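Encoded as structure tokens, the structure appears first; notes follow it.
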Amino acid sequence: MAVNTRTLPILDEQHVVAELRTLRSRQPVEYWAFYSSQLNGIVTDPALMVLPFDDHIVHRGHGIFDTAAIVGGNIYDLDAHLARFLLSAQRSKLRSPGSREEITDIIVQTAAASGRRDGSIRYWLSSGPGSLELTPARGADPGFFVMIFAGLSYPDRWYTDGLRVMTTTYPIKAPLYAITKATNYLPNVLMQMEAKEKGFDNGVFIDENGNVGESSNMNVAFVTRKGVLVHPKFDHILSGCTSLRLLELARAHQARAHVTGVEVRDVSVAEARASQEMLLLGSSIKVAPVVQWDDQTIGDGKPGPVSRGLLQLLEEDMRSSDRLIPIPY
Ligand SMILES: Cc1ncc(COP(=O)(O)O)c(C=O)c1O
């Protein structure tokens, strides 16, 4: 192996900023605005969207996050996402950065600074900087960060033809860690990488009792042969805001959703594999049909009416429900 004998420079402030800019110019990103409680304000230059390395969110993974959508100049369902965020904070022993109203205000102001009418909002709470230990450093304030960005996008093919998923070989997270939206996503990352390496679109976690869990960053639901929408219980997987809302919408609009009922319960792998439709649900994917799971064809191998019906109901809800906060640009 060649040894790098270059003498490393000791950088001053200007050089650090210049290098951060070079990094970004090599790898363009769609990050439009970033709030940091540590900077006490908002930046719009991606090179300046930084945090101290010794924040425990970086080197110990002691942090939580959540993601909400900006749709047509409004923030969708922020209350549900914030409720889950604050629950995750409690479970992670992280102090809230402010009242719910203050947090909402920071998110809304950052969204306005982005000038964007469609995109994603991801926000994090960190344990804060001050040491390289495990427990929070003495005197550390929690860090609160908000990023307005383009959001994750998925191929059109997923919606027109359906996805192919595999049962992951990685173990599902223990319930406490699965219901907490912490920044420890190693199993989720490995599951997605494994699926792509094997030619699938994503993976599915199965729990130790042989019941279906969830996917990498989305929930999984099924439609039985009798037309019942079934969703795994939320006691050992993340309470997806999209799933919770879709379960409500499907109950209220059974005909439009093409379902005969809605049940939240354990779903065994055997039952799931025999289902008529399999769906992936989440803030970024919305509703997408799965047509193949391992070597098993789901239903007739084509996207079904429930996936289309639920997607329509969700998209309407995202544009015209009482769950919208207008962004004051
Ligand atoms: C592990 C996991 N499960 C499910 C979901 C779906 O949640 P939501 O509908 O709130 O996006 C997500 C996404 O946040 C996730 O990361």
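Every number for a ligand or one of its atoms is a count from 1 in the order of the listing. None of these values were measured; they are calculated from a predicted model.
Applying the salt bridge (charged side-chain N to carboxylate O under 4.0 Å, His left out) definition to pairs two or more places apart or across chains, those involving residues 7-34 are Arg21-Asp45. Sorted by first and then second residue, the salt bridge (charged side-chain N to carboxylate O under 4.0 Å, His left out) pairs involving residues 126-153 (not counting sequence neighbours) are Arg95-Asp141.
Between Phe65 and Tyr185, the ring center distance clears the sub-6.0 Å criterion.
Stacking of Arg164 on the aromatic ring of Trp293 is not recorded, the 6.0 Å distance cut-off and the 45° axial limit not both being met.
Listed by chain and residue number, Arg91, Thr180 satisfy the side-chain contact (heavy atoms from CB on, under 4.5 Å) test with Leu176 (two or more places apart in sequence, or in another chain).
Ordered by chain and residue number, the residues placing a heavy atom less than 4.0 Å from ligand 1 are His81, Arg84, Lys181, Tyr185, Asn188, Glu214, Ser216, Asn217, Met218, Asn219, Leu238, Gly240, Cys241, Thr242, Gly282, Ser283.
Looking at Asp77, its side chain never comes within 3.5 Å of a backbone N or O of Arg323 through a donor-acceptor pair.
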